[in-house]
Protein chains: 2
Amino acid sequence: MSDKYASLRLKNQLCFPLYAVSNMITRKYKPLLDELDLTYTQYIVMMVLWEEKQVNEKFLCEALYLKSNTVTPLLKKLQAKGYIDKTKDKADERNIIITLTKKGADLKEKALCVPENIAKEFWLAPEEATELYRILYKMLNQGSSQNP
Amino acid sequence: MSDKYASLRLKNQLCFPLYAVSNMITRKYKPLLDELDLTYTQYIVMMVLWEEKQVNEKFLCEALYLKSNTVTPLLKKLQAKGYIDKTKDKADERNIIITLTKKGADLKEKALCVPENIAKEFWLAPEEATELYRILYKMLNQGSSQNP
DNA sequence: CATTAATAAATCGCACGCGATATAAAGTGA
DNA sequence: TCACTTTATATCGCGTGCGATTTATTAATG
């Protein structure tokens, strides 16, 4: 009885709900982040900067699992908004050092309500959240281990 | 001691790894789907059609948790590739009926190896996969319930 | 020390994914 | 029946994400 094509059914996919939830996340964040004049991707860049104070682009790319061709234009926009500064590292001029402006640092306070409000959209039991977190990072670590 | 800003740390986010894994999924699928001349989004549209034979755009949007402004251009491309046909429903001309061409139906056979190969990229224990699946759909159902 | 290799960013072109809006067709009610 | 609303699809403009490639700078090697 078992269908030869069962693996191609949408309902049997694990990647699809991941993809769909990710899209949904972006949608749910949008109205909250509009208040900060940030997109979701810009927001996670800011999260790194609120923690690290000073990073280069390579660090950001690795922290966010993104490529330079995504991050470069992103930083240009954040700079245009006055949230970050970019300067060349004098010790190694290939490095671009990214720092927060005062305006960017101040935004952290205003951002505090974002995680609160997002938590309301997707309520999970604490054990579910923990398990989800663990599995997702397991996938991330598996998936990012290769490539020359 | 507990940091006022703890909720803004990237490591304390649940949405971020979801977003990162979703990006990673698209990356992993790409070389496999290149063989079928499909993108990931086009692939999930085809998955629906391999099951349903005949749908309208609204059905596709709901099945894939996407909006018409994403799906309309997608269908145009699948049509250009010769995988689908679009005809107006004579009973209600607002409806666009989407069907597979022979070429599109035949692609199902070739697609069989895709789920196999993807499974190699992200290996999870069966219980983990089940739990992940359950939690993701819980989130999808919560998140898509509102909006006027 | 000159040539080659490696590295960090940036650029290019394409395909989403979205909110907002427009268009066209059907349904609704006074 | 005729304005009004609802519904299905399409259009517009913007911001990602990506593979592939380029540019600028530093490191490595003979």
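Lettering of chains follows the sequences in order, A, B, ..., and the numbering in each one begins at 1.
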### Query
Any ion pair linking Lys110(A) and Asp106(A) (charged N to carboxylate O, less than 4.0 Å)?
no
### Query
Does the pair Glu62(A)/Lys58(A) count as a salt bridge with the N-to-O cut at 4.0 Å?
yes
With [X], which residues qualify under side-chain contact (heavy atoms from CB on, under 4.5 Å), at least two apart?
X        : answer
Ser68(B) : Glu57(B), Cys61(B), Thr72(B)
Arg94(A) : Asp92(A)
Lys53(A) : none

### Nearest listed nucleotide, side chain of Leu66(A), among dG19(D), dG17(D), dC16(C)
dG17(D)
### Query
Toward the 5' end of DNA chain D, which comes first, Thr26(B) or Glu93(A), by nearest nucleotide?
Thr26(B)
#### Entry: Exceeds 12 heavy-atom contacts within 6.0 angstrom, atom NZ of Lys11(B)
no
### Message
Using a 4.0 Å cut-off on heavy atoms, which residues in residues 35-42 of chain A reach DNA chain D? List them by number, or say none.
### Response
Thr39(A), Thr41(A), Gln42(A)
Return the value, rounded to whole Å, for the distance between atom [atom1] of [X] and atom [atom2] of [N].
X        : N       : atom1 : atom2 : answer
Lys77(A) : dG17(D) : NZ    : C1'   : 11 Å
Lys30(B) : dC14(C) : NZ    : P     : 13 Å
Asn23(A) : dG17(D) : CG    : P     : 10 Å
Lys88(B) : dA25(C) : NZ    : C1'   : 8 Å
Lys90(A) : dT26(D) : NZ    : P     : 14 Å
Ile25(B) : dA15(C) : CD1   : P     : 21 Å
Asp89(B) : dA25(C) : CG    : C1'   : 12 Å
Leu74(B) : dT9(D)  : CG    : P     : 14 Å

### Query
Taking atom types as modelled, is there a side-chain donor on Gln13(A) or Tyr133(B) under 3.5 Å from an acceptor on the other?
no
### Query
So Tyr43(A) and Trp50(A), would you call those rings parallel, tilted or perpendicular, with 30° and 60° as cut-offs?
perpendicular
### Task
Report yes if a side-chain nitrogen or oxygen of Tyr19(B) is closer than 4.0 Å to either non-bridging phosphate oxygen (OP1 or OP2) of dG17(D); otherwise report no.
yes
### Message
Can you build the contact string for nucleotides 5-12 of chain C? Use B for base contact, S for sugar-phosphate-only contact, and - for no protein heavy atom under 4.0 Å.
### Response
-BBSSBBB
### Query
What pairs of residues pass the salt bridge (Lys or Arg N to Asp or Glu O under 4.0 Å) test when at least one of them lies in residues 41-52 of chain B, not counting sequence neighbours?
Arg9(A)-Glu51(B)
